[in-house]
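In what follows, a single structure is set out as structure tokens and then discussed.
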Amino acid sequence: MTTDYQPQKIEPKWQKKWEEDGIYEADIDESQPKFYALTMLPYPSGDLHIGHWYAMTPSDARARYKRMMGYNVMFPIGFDAFGLPAEGAAIERGIHPREWTYNNIERMHGQLRSMGAMWDWRREAASCDPSYYKWTEWFFIQLYKHGLAYRKHSAVNWCPSCHTTLANEQVWGEDRHCERCKTPVVQKDMEQWFFRTTNYADELLDFPTIDWPDRVRTLQTNWIGRSEGADVVFRTEEGEEIPVFTTRPDTLWGATFMVFAPEHPLVNDITTPEQKEAVEAYKQQAARQSEIQRAAVDKEKTGVFTGGYAINPVNEERIPIWIADYVMMGYGSGAIMAVPAHDERDFAFARKYGLEIIPVIQPEGMDFDGETMQEAYVGEGKMINSAHFNGTVVSNEKGRANPGISKVIDWLEEKDMGEEAISYKLRDWLISRQRYWGAPIPMIHCEACGWNPVPEEELPVLLPDDVEWLPTGESPLKLHPTWKETTCPACNGPATRETDTMDTFMCSSWYHLRYLSPEYDQGPFDPKEYDYWMPVDTYTGGIEHATMHLIYTRFFHKAMRDIGVTKGPEPMLQLRNQGMVLAEDGEKMSKSRGNVVSPDDLVEKYGADTVRAYLMFFARWDLGGPWNSGGISGTQRWLRRVWALYTGTNPEGEPDSGAVDTLRRKLHLTLKSIGDDFEKFEFNTIISSLMELLNDMYDARRAGVAGTEAWAEALDIYARMMAPASPHIAEELWTEVLGKPYSVHDQPWPEVDEAATVVEEFTLIVQVNGKLRDRVQAPVGISDEEAEKLALASEGAQAHTDGKEIRKVIVVPGRLVNIVV
RNA sequence: GCCGAAGUGGCGGAACAGGCAGACGCGCGCGACUCAAACUCGCGUUCCCUUGAGGAUUGUGGGUUCGACUCCCACCUUCGGCACCA
């Protein structure tokens with residue numbers, strides 16, 4: 001009667017039935033604990049690739065496991081559907097971005113269904129849908145009304161290939177390239193919309209209530225880049241204030257010159273006529289350089305004297321002001337006090353240009369001389385050359401924890417020369433994009449009234465359909481003849497709409513909220529759904545979003561909490577990152593390299609259950625690694641053997657003594673470890689445990705266990721344990737082969753029978769000098785003395801202790817005996 | 001340069017509150033089934049040698065310990081992130 005395992009037949013059948021029956025539809029149910037399992041939403045590129053499968057199927061398996069554990073689990077899916085590739089298709093092939101996007105979504109629906117995941121399709125959301133971006137616009141207005149969205153003129157990152165500005169987080173790597181298209185960005189002076197992420201810098205550094213990987217916390221912490229120190233006000237000779245930020249106010253007496261960023265607004269005022277030419281030349285060169293990119297990493301410092309002087313407030317010293325491109329306009333105040341004796345960069349600069357070096361911190365037993373110092377001293381010591389602070393101890397601590405720094409800050413504040421200050425590397429989030437396919441920024445500009453938000457009752461500001469793309473790559477919104485013409489909400493006079501759209505990371509900052517109630521039209525989400533489901537319990541996705549999406553979405557949540565829209569400190573309680581599946585050659589998969597692994601082909605050949613299991617099995621989920629096409633036959637064989645075991649004929653015979661206990665013990669130990677592994681996201685060992693148990697079940701069947709109660713129990717539990725990883729075959733075996741009530745996915749996770757795992761005997765390891773010499777069977781609970789006796793008497797021990805003096809015997813109860821000779 | 005992660009058979013990987021290294025799988029070898037192949041099944045598979053009561057072995061070198069893949073110190077390699085951040 002044995003038929004072959006035919007996934008191509010069973011899988012579509014069950015997928016259809018599960019969806020028709022709505023078994024994965026999760027609704028509010030106060031009688032059950034809720035579990036919101038979320039996986040990062042895909043961009044509708046048109047093809048679900050193996051990386052999506054690698055990210056999603058273990059997340060699905062774990063959501064299924066949680067469901068069987070008695071949680072009311074919601075596992076939604078949707079599309080991050082705005083973005084540039086759709087416009088690329090429009091330019092290249094003349095297809096409207098909407099059409100291209102929805103065609104792709106349609107195709108990906110099929111692919112997502114082929115996975116056999118427990119998506120609740122009723123909760124699907126696509127960010128490009130007007131019913132969605134209406135609320136993206138609405139959120140913008142809330143941020144604007146609460147002073148968290150603002151417009152400013154500044155130097156911004158421009159991607160010449162995408163024809164748009166980018167946020168700081170979206171510029172990557174040494175060559176400062178666009179995160180999306182890898183083109184090096186250039187600097188442009190533009191007026192743009194920003195969100196005040198920096199208001200939340202300190203709160204974003206705090207991860208008290210969430211279980212997130214250290215790696216992500218570290219990346220975010222470094223990205224936010226908090227430094228403690230002081231703002232100190234220097235002055236020009238004319239009395240103009242020059243605020244500077246320093247982390248080392250204790251070295252103020254060693255400031256022998258100042259350095260301004262070339263773009264610093266005071267440069268023109270302080271430059272003397274004699275220096276004008278040199279300064280102008282340097283400024284131009286610096287501007288050009290930032291455009292060509294600063295190629296050299298360790299390039300030599302350059303700079304030019306402005307001819308101007310500043311007064312150091314602590315000692316009234318007159319010090320020269322230079323400009324140099326190692327000072328950035330975007331950090332601190334764009335000007336620094338230079339203390340060459342105690343800062344490596346300032347030291348290099350001072351030596352090169354022959355500037356004075358005055359040591360002000362000195363460790364015990366040293367006698368620094370500015371003329372002869374070989375390098376900057378950055379360690380601890382006592383203050384010298386610092387007036388009444390001489391002798392003050394300076395430690396290696398940062399900020400207030402350092403007694404020297406702390407005392408100087410107190411004194412500066414007392415004398416009104418400066419104050420304690422904290423500086424961050426984090427910049428405000430630039431959200432304007434000069435693109436068409438994004439959520440419109442719902443703002444209107446009027447010559448008379450300035451900027452005003454579109455009245456909320458007029459939302460959404462819809463994207464116009466009749467648009468044209470020029471080969472220049474410019475946004476069609478700007479070029480549209482009438483779209484931007486409107487009236488001012490304040491004075492009713494003629495006004496123009498903002499033609500920029502929002503960064504798509506704004507859309508993805510709140511998609512987990514739209515999933516709650518994608519049809520809801522009284523607000524971005526139904527508060528009842530929010531109160532039941534939020535926060536997200538488990539969030540899975542790639543590490544590459546550590547300093548982009550994952551910072552933005554935390555900011556968004558906190559800002560909205562302060563505005564009164566969301567609740568609680570954090571949106572996602574637990575985060576786990578999967579690794580990346582590389583191509584078989586160890587390189588990144590890409591169409592141009594031709595090394596892409598297609599999940600569709602694999603599903604067609606092996607079935608979804610095999611692909612799912614292999615993705616869970618072939619690598620550590622958090623690390624990923626190169627694809628190995630050969631290995632998949634192993635998981636395919638496993639499922640075939642499972643099938644054969646359930647559908648084959650069993651040999652006649654009575655069970656061997658002990659075989660039943662052995663099987664039950666293994667069964668329940670496996671059950672226990674699989675549960676632990678699901679909790680810990682260790683998916684590879686889940687599959688290997690199932691394989692191991694299967695081997696033991698074959699052994700048990702050979703030993704005549706088939707037909708016993710324990711055998712029936714094993715078949716029952718095994719099918720349930722497989723259900724999360726390989727849902728289709730589990731259902732077929734459960735419902736059709738075992739004839740149990742549909743559906744296996746509505747069954748509770750089996751309970752571990754602790755009694756079954758108990759053993760009477762164990763293998764006692766006998767070591768001599770830490771080396772394995774024998775193994776003997778011993779009863780559980782054996783006394784240390786008995787164990788020692790047993791070990792000493794063993795053959796292996798005898799051979800290695802013969803004629804030697806036994807110095808010591810260590811007994812580890814229930815494990816081993818180590819004899820030291 | 002700074003921060004972080006990872007180094008275990010031919011390969012992917014198991015095992016770490018310190019206690020049998022190499023589970024599970026791929027690959028490979030031998031055998032069974034077959035006219036043959038595929039499938040399937042069984043056995044074997046860390047390395048070395050003088051083949052046995054043998055030795056070595058978890059990137060390298062030290063250390064702690066009766067005992068180290070696991071803890072500590074130093075270093076090497078690979079991969080990610082940041083990069084003149086004052």
Side-chain angles (χ1 to χ4, degrees), chain A residues 4 172-174 176 213-219 221-223 225-227 229 244-248 251 258-259 261 294 296-301 324-328 330-339 343-346 348-349 423-426 543-544 546-547 579-580 582 586 613-614 617-620 622-623 625-635 637-638 640-641 644 682 684-695 698 763-775 795-800 802 807-812 814-821:
Chain A
D4 288 343
W172 285 23
E174 214 168 287
R176 313 253 323 134
D214 286 345
R215 191 157 160 227
V216 174
R217 294 173 179 225
T218 307
L219 283 170
T221 302
N222 292 344
W223 185 259
R226 178 189 157 104
S227 345
V244 300
F245 173 75
T246 175
T247 55
R248 295 296 305 275
T251 63
M258 295 195 81
V259 187
R294 302 179 177 174
V297 177
D298 282 321
K299 73 168 184 168
E300 202 173 324
K301 295 195 177 11
D325 62 6
Y326 81 89
V327 175
M328 309 289 140
Y331 183 78
S333 63
I336 61 160
M337 66 172 204
V339 184
D343 181 282
E344 282 163 31
R345 295 153 302 175
D346 298 345
F349 194 81
S423 186
Y424 301 92
K425 274 169 63 180
L426 181 75
I543 185 83
E544 67 275 14
T547 56
M580 197 163 36
L582 301 173
Y614 186 57
F617 178 70
F618 95 100
R620 248 177 67 177
D622 56 333
L623 295 180
W627 179 256
N628 177 358
S629 58
I632 196 166
S633 59
T635 39
R637 194 167 296 140
W638 166 56
R640 276 208 290 255
R641 294 186 75 220
E682 289 175 3
N684 53 346
T685 47
I686 290 171
I687 305 299
S688 56
S689 301
L690 285 168
M691 289 172 167
E692 221 175 303
L693 176 58
L694 185 72
N695 292 339
Y698 268 95
T763 308
L764 180 73
I765 303 305
V766 181
Q767 292 183 337
V768 176
N769 286 348
K771 284 192 175 154
L772 175 73
R773 295 303 179 190
D774 213 336
R775 297 158 202 213
E795 261 185 58
Q798 289 286 320
H800 288 270
D802 196 28
R807 300 228 314 259
K808 200 173 172 185
V809 178
I810 286 126
V811 180
V812 182
R815 279 185 189 270
L816 61 71
V817 176
N818 188 15
I819 302 159
V820 187
V821 297

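Only heavy atoms go into these numbers, but all of them, side chains included; no hydrogens, no water, no symmetry mates. Chain letters run A, B, ... following the sequence lines, proteins first and then strands; every chain starts at 1. Computed from a predicted model, the values in this text were never measured in an experiment.
As a whole-Å value, the separation of A:I687 CD1 from B:rA14 P is 13 Å. In this structure, the CE atom of A:M337 is 12 Å from the P atom of B:rA86, given to the nearest Å. Between A:L623 atom CG and B:rG7 atom C1' the separation is 11 Å, expressed in whole Å. Taking atom OH of A:Y614 as the reference point, atom P of B:rG13 lies 10 Å away to the nearest angstrom. Rounded to whole angstrom, the span from the CE atom of A:M580 across to the C1' atom of B:rC79 amounts to 10 Å. Per the geometry, CH2 belonging to A:W638 stands 11 Å off P belonging to B:rG25, to the nearest Å. The NZ-C1' distance, from A:K771 to B:rU57, rounds to 11 Å in whole Å. Rounded to whole Å, atom C1' of B:rC79 lies 10 Å from atom CG of A:L582.
If you check every strand for non-hydrogen atoms under 4.0 Å, A:D346 touches nothing. Looking at heavy-atom distances under 4.0 Å, A:I810 makes contact with a base. Using a 4.0 Å heavy-atom distance criterion, A:G173 is classed as a sugar-phosphate-only contact. Contact annotation for A:V820: backbone-only contact, meaning every heavy-atom pair under 4.0 Å involves sugar-phosphate atoms and none involves a base. At a threshold of 4.0 angstrom between heavy atoms, the contacts of A:F617 include nucleobase atoms, whether or not backbone atoms are also involved. Within the nucleic acid shown, A:R815 comes within 4.0 Å of sugar-phosphate atoms alone, with no base atom in reach, counting heavy atoms only.
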Protein-nucleotides 26-31 of chain B N/O pairs under 3.5 Å:
| from | atom 1 | to | atom 2 | distance (Å) |
| --- | --- | --- | --- | --- |
| B:rC26 | OP1 | A:R637 | NH1 | 2.2 |

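One cannot find a donor-acceptor pair under 3.5 Å joining the base of B:rC82 and the side-chain atoms of A:K425. One donor-acceptor pair, N or O on each side, does fall under 3.5 Å between the base of B:rG19 and the side chain of A:Q767.
In terms of heavy-atom proximity, A:A546 sits nearest to A:L219 at CB-CD1, 3.6 Å.
Rounded to the nearest Å, the gap between the C1' atom of B:rC16 and that of B:rC72 is 16 Å. Comparing the C1' positions of B:rC39 and B:rC20 gives a spacing of 37 Å, expressed to the nearest Å. Nucleotides B:rG81 and B:rC49, compared at atom P, are 44 Å apart to the nearest Å. Nucleotides B:rG61 and B:rC76 place their C1' atoms 10 Å apart, quoted to the nearest Å. Taking atom C1' in both B:rA23 and B:rU78, the straight-line distance is 26 Å, to the nearest Å. For the P atoms, the distance linking B:rC11 with B:rC3 amounts to 32 Å, nearest Å. B:rG55 and B:rA37 are spaced 44 Å apart, taking the C1' atom of each and rounding to whole Å. Of the C1' atoms belonging to B:rC26 and B:rA14, the separation is 15 Å, rounded to the nearest Å.
Applying the side chain to side chain donor-acceptor pair (under 3.5 Å) rule to A:E682 yields no partners; only residues at least two apart in sequence or on another chain are considered.
Within the 4.5 Å cutoff, no side-chain heavy atoms of A:S333 are placed close to those of A:F245. Within the 4.5 Å cutoff, the side chain of A:T246 has no heavy atoms near those of the A:I336 side chain. Between A:T635 and A:M691 the shortest side-chain heavy-atom distance falls below 4.5 Å. Looking only at side-chain heavy atoms (C-beta outward), A:N695 and A:R641 come within less than 4.5 Å of each other. Two residues are said to be in side-chain contact when any heavy atoms from C-beta on lie closer than 4.5 Å; A:V339 and A:R248 fail this criterion.
Closest contact between the side chain of A:R620 and the listed nucleotides B:rA14, B:rA86, B:rC3 involves B:rA14. Among B:rG12, B:rG54, B:rA86, the nucleotide with an atom closest to any side-chain atom of A:R773 is B:rG54. Distances were taken from every side-chain heavy atom of A:N684 (C-beta onward) to each of B:rA86, B:rA14, B:rC24; the shortest belongs to B:rA14. When each of B:rG12, B:rC41, B:rG25 is scored by its nearest atom to the side-chain atoms of A:M691, the top-ranked nucleotide is B:rG25.
Across all strands shown, nothing is found opposite B:rA14 as a Watson-Crick or G-U wobble partner with both distances under 3.5 Å. Base pairing of B:rU34: no nucleotide in any strand meets the Watson-Crick or G-U wobble criterion (both distances under 3.5 Å). Base pairing of B:rU64 is not made with any nucleotide, judged by Watson-Crick or G-U wobble geometry with both donor-acceptor distances under 3.5 Å. Across all strands shown, the partner of B:rG52 is B:rC49, judged by Watson-Crick or G-U wobble contacts whose two distances both fall under 3.5 Å. Base pairing of B:rC28: its partner is B:rG44, meeting the Watson-Crick or G-U wobble criterion (both donor-acceptor distances under 3.5 Å). With a 3.5 Å ceiling on both atom-pair distances, the Watson-Crick or G-U wobble partner of B:rG80 is B:rC3.
In this structure, OG1 on A:T251 lies 3.5 Å from CE on A:M337, to the nearest 0.5 angstrom. Here A:N769 contributes atom CG and A:R807 contributes atom CZ; the two are 8.0 Å apart, rounded to the nearest 0.5 Å. Atom CG of A:D622 sits about 8.5 Å away from atom CG of A:N684, to the nearest 0.5 Å.
When ring centroids are compared, A:W627 and A:Y614 come within the 6.0 Å threshold.
Taking side-chain N and O atoms only, A:N818 has no distance below 4.0 Å to OP1 or OP2 of B:rG19. Taking side-chain N and O atoms only, A:R640 has no distance below 4.0 Å to OP1 or OP2 of B:rC39. The phosphate of B:rG25 has OP1 or OP2 within less than 4.0 Å of a side-chain N or O from A:N695. Between A:R215 and B:rC3 there is no side-chain polar atom (N or O) within less than 4.0 angstrom of OP1 or OP2.
Each of A:N222 and A:N769 lies near RNA chain B, and the nucleotide nearest A:N222 is the one positioned closer to the 5' end.
For B:rG9, the glycosidic angle deviates from 0 by 90° or less, giving a syn base.
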